[in-house]
A.B. asks: 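Right, I'll just put the structure down here and ask away after.
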Amino acid sequence: MATTERRPDLADLERPALEAALEERGHARFHARQIFRWIYRHGVTDAGAMTNLSRELRVSLARDFTLTTPVVARRETSADGTEKFLLRLADRRHIESVFIPDTPSMTFCLSTQVGCAMACAFCLTGRMGLARNLTAGEIVGQVRVLADALNMREAPFNIVLMGMGEPLHNYDETMKALRILADEHGFEMSPRRITLSTVGLLPALERLATEPVMPNLAISLHAPSDVQRGELVPINRKYGLADIIDVCRRFPLNKRSRITFEYVLLAGVNDSPQDARRLARLVAGVKSKVNLIPLNAAAGIPFERPSDEAVDRFARIVSEHGVIVSVRKSRGRDIRAACGQLIVEGERASPAQQLAVLAFGG
Ligand code: SAH
């Protein structure tokens, strides 16, 4: 019988695991550092190109390991400079990643899943259902591909985990990706330059609070009461607002950092002055700021974006209650790269997977 043993993927290994894998095959552990530099600093996608390694090691790497890199299937540029990348993965599934220039820093918006199970009422990605989790290698792979395509391997950038997927629903691979990104021989990304956005999966949030490598935290709130939130963010029926806010209150934060509460404004649904006052009261006492996101409308999304006046009025009321508030400028809407607009047609989950989604956390 043929063995089905899979070769380890260099893109998917943390450095200690790579050191161990090298040692097992009779190579010195320190080569892991060199390999990390080739992959993450020089953007090499083929072990044969790692020219400071011995021929013998290069042959062994090519034979005993893989190095998987997502492929750019399409690249679109918005009038505002935002670029959307459609990336093809090894199993031919697709995800999207977005480059947002000058906000004021350069930002990469990454996906953590193919699709999403959360089914938020106003989000296009939610329409896809969840097809599968991304591996850590695929999450970091988006950074490798974007840095290369944009000639930004030397340039500083921030990362937001706000693309397709719910990062805390793919906890282990997301955290592993953050550790690979932080490696001092790789991208050396400070976790302070990374923001993880979540609907607030309670057990995962509790666990996140204990992590040694801790990204900035953004919570998708979107409504000031459980009744309203349950309609917009279905998982709220399982993990309610009081518990989420309670974890946020206890969340260990750096001296200068605050939790961001994201709030999508939907005309006539959650944008009244009373909603603004209730939101301010809800987050009072949490070291936080509120980020208002006027809805990015799309065909099939049964909500409307409020007027600029309604957005301003909402922001003013929240601010008058002593809460720091900002309004997110929508970027890349003309190429459907804005928040909640990432969807890959033809990647909908199968009926069986949809059922698994419904059962999630049940
Ligand atoms: N699953 C994570 C990350 C996803 S998206 C989360 O929910 O936080 C990042 C933000 O975009 C979230 O706050 C999400 O609610 C918001 N968003 C989704 N659809 C949107 C839309 N159509 N218009 C504006 N923001 C949207």
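Both counts, for ligands and for their atoms, begin at 1 and track the order of listing. FYI, the numbering just counts along the sequence from 1.
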A.B. asks: Ignoring hydrogens and angles, tell me if any N or O in the side chain of Arg153 forms a donor-acceptor pair with the backbone of His42 under 3.5 Å.
C.D. replies: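 Here the side-chain-to-backbone pair exists.
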A.B. asks: Is the cationic atom of Arg25 (NZ for Lys, CZ for Arg) positioned less than 6.0 Å from the six-membered ring centroid of Phe65 and within 45 degrees of its normal?
C.D. replies: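 Here Arg25 passes the 6.0 Å and 45° test against Phe65.
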A.B. asks: Looking at ligand 1, would Ile301 count as a contact under a 4.0 Å heavy-atom criterion?
C.D. replies: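 Checking ligand 1 against Ile301, which is what was asked, there is no heavy-atom contact under 4.0 Å.
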A.B. asks: Decide whether the shortest distance between a heavy atom of His169 and an atom of ligand 1 is less than 4.0 Å.
C.D. replies: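 So His169 does not count as touching ligand 1.
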A.B. asks: Going by the atom numbers of ligand 1, which of them fall below 4.0 Å from some non-hydrogen atom of Leu295?
C.D. replies: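 Once the distances to Leu295 are compared, the set is 21 (C), 22 (N), 23 (N).
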A.B. asks: Is ligand 1 under 4.0 Å from a heavy atom in the side chain of Met118, in the backbone, in both, or in neither?
C.D. replies: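 It is neither; nothing of Met118 touches ligand 1.
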A.B. asks: Check each atom of ligand 1 against the heavy atoms of Ser220 and keep those under 4.0 Å away; list them by number with element.
C.D. replies: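 Close to Ser220: 6 (C), 7 (O), 8 (O), 12 (C), 13 (O), 15 (O).
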A.B. asks: Considering only heavy atoms, does Met162 approach ligand 1 within less than 4.0 Å through its side chain, its backbone, both, or neither?
C.D. replies: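 For Met162, backbone and side-chain atoms both sit under 4.0 Å from ligand 1.
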A.B. asks: For the CZ atom on Arg192, are there more than 12 heavy atoms of other groups (residues, nucleotides or ligands in this structure) within a distance under 6.0 Å?
C.D. replies: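 Check fails, neighbour count at 12 or below.
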A.B. asks: Evaluate Arg328 for polar contact with ligand 1, using N/O atom pairs at a separation under 3.5 Å.
C.D. replies: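 Arg328 vs ligand 1: no N/O contact under 3.5 Å.
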A.B. asks: For ligand 1 and Phe122, I'd like to know whether there is a polar contact (N/O to N/O, distance under 3.5 Å).
C.D. replies: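 There is such a contact, yes.
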A.B. asks: For ligand 1, which atoms have a heavy atom of Cys123 less than 4.0 angstrom away?
C.D. replies: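 Once the distances to Cys123 are compared, the set is 18 (C), 19 (N).
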A.B. asks: Does Arg75 pair with Glu83 as a salt bridge, N-O distance under 4.0 Å?
C.D. replies: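 Salt bridge between Arg75 and Glu83, a charged N being under 4.0 Å from a carboxylate O: yes.
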A.B. asks: Kindly assign one of parallel, tilted or perpendicular to the pair Phe99 and Phe108, based on the angle between their ring planes and the thresholds 30° and 60°.
C.D. replies: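 Answer is perpendicular, since the angle exceeds 60°.
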A.B. asks: Once you restrict to heavy atoms under 4.0 Å, what part of Thr125 touches ligand 1? Side chain, backbone, both or neither.
C.D. replies: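 Thr125 to ligand 1: no contact under 4.0 Å from either part.
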A.B. asks: Thinking salt bridges, do Asp80 and Lys329 make one under a 4.0 Å N-O criterion?
C.D. replies: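 Judged by the 4.0 Å cut-off on N to carboxylate O distance, Asp80 and Lys329 do not form a salt bridge.
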A.B. asks: Assess whether atom CZ of Arg250 is packed by more than 12 heavy atoms of other residues, nucleotides or ligands within 6.0 Å.
C.D. replies: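 More than 12 within 6.0 Å, yes.
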A.B. asks: For ligand 1, is Gly165 a contact, meaning one of its heavy atoms is under 4.0 Å away?
C.D. replies: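 Yes, Gly165 has heavy atoms under 4.0 Å from ligand 1.
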